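Reviewing the structure listed below.
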Amino acid sequence: MLAPNDSPNSIWFSKRFLVAVVMFLCFMNSTMLINNMNIAVVEMTSNKTISTAGNIPVVRMAEFQWDTVTIGNVSSILWYGGLFAFFVGYFVDKFGGSGTCVISMMMCGALTILHPIILKFDYIGFLACRFVTGFFLNLFYASTPEIYSRWFPKTERSTLIAIGYNGLNVGAALAYPLFGYIAHDWGWQMVFYVSGTISIFISILCLIVVKNRPSQDGRISEAELSYILDGTDDASRKEVSHPYKKILLSGAVLAVCFGKFTLEWVMTILTACLPLYVKDLTGKNTDEVGLISSIPTVAQIFIFPIAGLLLDMWKNTTSIELTLMHKITISIAYLSSSIFFAVAILWSDFATSMVIFVFIQIMVSIVPAAFEPIIVAISPNDSSVIAGLCKFSTCIAIIVSRTCVGFLTINHSTQEWNNCFLLTNGVLIIGTVIFILFGSSEAQLWSASDREREGLIKIKYRRKSSASSS
C-alpha cells in the first residue's frame with residue numbers, strides 16, 4: 001500500500017517526490033532540446049515581407065534555402081547519435097543513473113549553444129554537432145530506468161514516473177510558443193542559446209538533488225530510506241554482467257522496444273512534424289505556428305499524471321496480472337488513436353484535424369506510464385541496457401518517420417499529409433499486435449540468479465495451475 005498521508009513516508013512530501021520533480025525538469029529540458037530545431041528551422045527557411053522607408057513591401061529571402069528533404073535531415077540527424085544508445089549501459093554502470101543524467105544535460109547544453117556558431121562556418125560541422133548532441137541526449141533517456149529502480153518503490157512507480165515523464169509534455173507545450181516568439185522577435189540563433197543555457201542549469205540542479213542511490217543522500221530520513229529500500233530491488237542488487245544475447249532474443253524486450261517505436265512514431269508526427277503541418281496548411285508566421293502547434297500537447301499535461309496514478313491504483317487495489325493490465329491499457333490507447341487518425345484522413349479539414357490530434361495526444365499519454373515501469377520490471381539489473389535498446393528503436397522511429405514526412409510532403413498538400421497519417425495508422429496497428437503477442441511485465445527468467453529463477457518458475461507454475469483449475 002502507499003504510505004499514508006500523515007506518515008513521514010508520504011509520497012507528496014518526500015525526497016523521492018523531489019527526485020521525480022527534478023526528473024520532470026530533465027524531461028522538460030530534453031523535449032525543449034529536441035523541439036528547438038523544429039521551431040528554429042521554420043524561421044531559418046521562411047521568406048519575410050518587410051516594408052522599406054517608402055512603405056513599399058519587399059520580400060526578404062530566407063537565410064537558408066533548404067528543401068523538405070534537407071529540413072528532414074537537419075531535424076533527424078539528432079537521432080542518428082541515438083543509434084549508439086545500445087552502448088550507454090556502460091555509462092550507467094560506470095557513473096550511475098544520476099551521474100549519467102548530469103553528464104547528458106551538461107554536454108547537451110554546451111553543444112546546443114555551439115549550434116548557431118558552427119552553422120555560420122560549416123554545414124557539415126553543424127550536422128556533426130547535432131549528431132554528438134543526439135548521443136548525449138540519449139544518455140539521459142537510458143539513465144532514467146536506473147533512477148526509477150533505485151528511488152521509486154514499486155507501489156508508487158507509475159505515479160512517480162508519470163510525474164517526471166510529464167515534463168516531456170510541458171516542455172513541448174512551452175517550447176513551441178516560447179521558441180516561436182524568440183525566433184520571430186530575436187532571431188533563430190537565440191533559440192539555441194536559451195535552450196542550451198537552460199540545459200546547463202538543470203544539470204547542476206540534478207547534480208545537487210539526485211544521488212545515484214538513496215543511501216548516498218545525506219538529507220533523506222532513515223524512515224524514508226527504509227521505505228524505499230523495502231519497496232525496490234536496490235538493497236539486493238549487485239554488479240552484474242549483462243546477458244546481451246538473451247536480452248536481444250527476449251520476446252518481452254522485443255515487444256517493449258516495438259511498443260516504444262510505435263509511440264515515438266506517433267509523437268514525432270504530432271509534435272516534431274506538427275509545426276511544418278501547420279505552416280503548410282495555414283501559412284502563418286513562426287510565432288503563430290509555434291502557438292498552434294502546442295495545442296495538442298497541452299492536453300497531455302493534465303492527463304498524463306492522472307494516468308500514472310490510476311494505473312497504480314488499479315495495480316494496488318485489484319488482483320489483475322500486471323502484464324494483462326498493461327496489454328489492455330496499451331491496446332486501448334493505440335487502437336483508439338488508429339481510429340482517430342482514420343477520421344482525420346477522411347475529414348481532411350485543418351481545424352477538425354487539430355481537434356482530433358488533441359484526442360490522440362490524450363490517448364497516447366497513458367502509454368509511457370505503462371511502458372516505463374515495464375522496462376524496470378523485465379530485469380532491474382539490466383534496465384539501462386533495455387532502455388538503451390528501447391531508445392535505439394525510438395531513434396529509428398524518429399529518423400524513419402521524419403524522413404517519410406520529408407519525402408511525402410514535397411508539395412505541402414493536404415493529401416500528402418493524409419498519406420503520412422495513413423502510414424502512422426499502420427504502425428499503430430502493427431505495434432498493438434506485437435505487444436499483445438509478446439509483451440510481458442514480469443521479471444524474465446534470464447534476468448534472475450539460479451535461486452531466483454527457481455522461485456519464478458514455481459510462481460509461474462502455480463499461476464498456470466490455478467488458471468487451469470478455474
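Everything quoted here is computed from the prediction, not taken from an experiment.
- T394 places a side-chain N or O within donor-acceptor distance of the main-chain N or O of K391, the cut-off being under 3.5 Å.
- In this structure a side-chain-to-backbone donor-acceptor pair under 3.5 Å is present from N36 to L33.
- Interatomic distance, E321 CD to S440 OG, rounded to the nearest 0.5 Å: 9.5 Å.
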**Prompt:** Which is it for L335 and L428 under the side chain to side chain contact (heavy atoms under 4.5 Å, CB included) test, yes or no, and what are the steps along the way?
**Reply:** CA-CA 7 Å; L335 293 179; L428 278 164; over 6 Å; no
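- The backbone N or O of G259 lies less than 3.5 Å from a partner atom in the side chain of Y334, making a donor-acceptor pair.
- Below 30°, between 30° and 60°, or above 60°: for W265 and F261 the angle between ring planes is between 30° and 60°, a tilted geometry.
- Here the straight-line distance linking atom CZ of R150 with atom CZ of R213 works out to 4.0 Å at 0.5 Å rounding.
- When side chains are defined from C-beta on, S379 counts as touching I386, because their heavy atoms get closer than 4.5 Å.
- Side-chain atoms of T133 never come within 3.5 Å of backbone atoms of L111 as a donor-acceptor pair (strictly under, hydrogens ignored).
- Here the CD-CE distance, from E43 to M190, works out to 13.5 Å after rounding to the nearest 0.5 Å.
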**Message:** For V376 and R157: C-alpha separation, side-chain torsions, deciding distance, then whether side chain to side chain contact (heavy atoms under 4.5 Å, CB included) applies.
**Reply:** CA-CA 10 Å; V376 178; R157 192 163 285 168; 3.3 Å; yes
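- Atom CG in N425 sits 3.5 Å away from atom OG in S338 (nearest 0.5 Å).
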**Request:** Give the intermediate values and the outcome of side chain to side chain contact (heavy atoms under 4.5 Å, CB included) for residues F17 and I163.
**Result:** CA-CA 9 Å; F17 177 73; I163 291 170; 3.7 Å; yes
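- Side chains of Y141 and S30: a donor-acceptor N/O pair is present below 3.5 angstrom, by distance only.
- When atom types are taken as modelled, the side chain of N138 and the backbone of G134 share a donor-acceptor pair closer than 3.5 angstrom.
- The residue from S203, S199, S104 that alone fulfils the side-chain hydrogen bond (donor to acceptor under 3.5 Å, both in side chains) condition with N29 is S199.
- The minimum heavy-atom distance linking C26 with M105 is given by the pair O-SD, 4.1 Å.
- In this structure the side chain of M267 reaches within 4.5 angstrom of the side chain of V364, judged on heavy atoms.
- At least one donor-acceptor pair closer than 3.5 Å links the side chain of S98 to the backbone N or O of V210.
- Residues Y165 and F24 place their aromatic rings such that the two centres sit no closer than 6.0 Å.
- Across F179 and S195, no two heavy atoms sit closer than the pair CZ-CB, 3.7 Å.
- The heavy-atom pair separating T424 from F341 by the smallest distance is CG2-CE1, 3.7 Å.
- Judged by distance alone, with hydrogens and angles left aside, the side-chain atoms of T318 form no donor-acceptor pair with the main-chain N or O of K315 at under 3.5 Å.
- In this structure, F421 has its ring center under 6.0 Å from that of F357.
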**Message:** Could you walk me through whether F371 and F435 satisfy the ring pair (Phe, Tyr, Trp, His ring centres under 6.0 Å) test, starting with their C-alpha distance in whole Å, then the side-chain angles of each, then the deciding distance to 0.1 Å, before giving a yes or no?
**Reply:** CA-CA 11 Å; F371 271 136; F435 191 77; 5.4 Å; yes
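- A 4.5 Å side-chain heavy-atom check between D230 and Y227 finds every atom pair outside the cut-off.
- For the pair I430/T262, no side-chain contact is recorded, criterion being any heavy-atom separation below 4.5 Å from C-beta on.
- With M44 as reference, L119 is the one residue of V191, V74, I39, L119 to meet the side chain to side chain contact (heavy atoms under 4.5 Å, CB included) rule.
- Looking only at side-chain heavy atoms (C-beta outward), Y277 and C420 stay at 4.5 Å or farther from each other.
- In terms of heavy-atom proximity, I220 sits nearest to W151 at CD1-CZ3, 3.9 Å.
- Using the six-membered ring where Trp is involved, F91 and F135 have ring planes that are perpendicular, over 60° apart on the 30 and 60° scheme.
- For residues 164-177, no pair satisfies salt bridge (charged side-chain N to carboxylate O under 4.0 Å, His left out), with sequence neighbours left out.
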**Item:** Trace of the side chain to side chain contact (heavy atoms under 4.5 Å, CB included) decision for M107 with L137
**Value:** CA-CA 8 Å; M107 291 301 300; L137 180 61; over 6 Å; no
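- Under a 4.0 Å N-O distance rule, the pair E264/K260 does not qualify as a salt bridge.
- Using a cut-off of 4.0 Å between Lys/Arg side-chain N and Asp/Glu carboxylate O, R16 and E156 are scored as salt-bridged.
- From L139, atom CG reaches atom SG of C101 across 10.0 Å, with rounding to the nearest 0.5 Å.
- Checked against side chain to side chain contact (heavy atoms under 4.5 Å, CB included), L254 has no partners two or more places apart in sequence or in another chain.
- Two residues are said to be in side-chain contact when any heavy atoms from C-beta on lie closer than 4.5 Å; N166 and F27 fail this criterion.
- Panel note: side chain D312, backbone T159; a donor-acceptor pair is recorded below 3.5 Å.
- Note: Y80 and F131 fail the aromatic proximity criterion, with ring centroids not under 6.0 Å apart.
- Between H115 and R130, the closest heavy-atom pair is NE2-CD, 3.1 Å.
- Looking at heavy atoms from C-beta onward, F140 lies in side-chain contact with M23 at the 4.5 angstrom threshold.
- With rounding to the nearest 0.5 angstrom, the CD1 atom of I103 is 10.0 Å from the OG atom of S143.
- Within the 3.5 Å criterion, the main-chain N or O of F95 finds a donor-acceptor partner in the side chain of N212.
- Listed by chain and number, the residues in a side chain to side chain contact (heavy atoms under 4.5 Å, CB included) with I113 are Y193, T197, I200 (sequence neighbours excluded).
- Between M32 and L178, the closest heavy-atom pair is CE-CD2, 3.9 Å.
- The side-chain heavy atoms of I360 and M363, taken from C-beta on, include no pair separated by under 4.5 Å.
- A donor-acceptor pair under 3.5 Å links the side-chain atoms of S393 to the main chain of C390, judged by distance alone.
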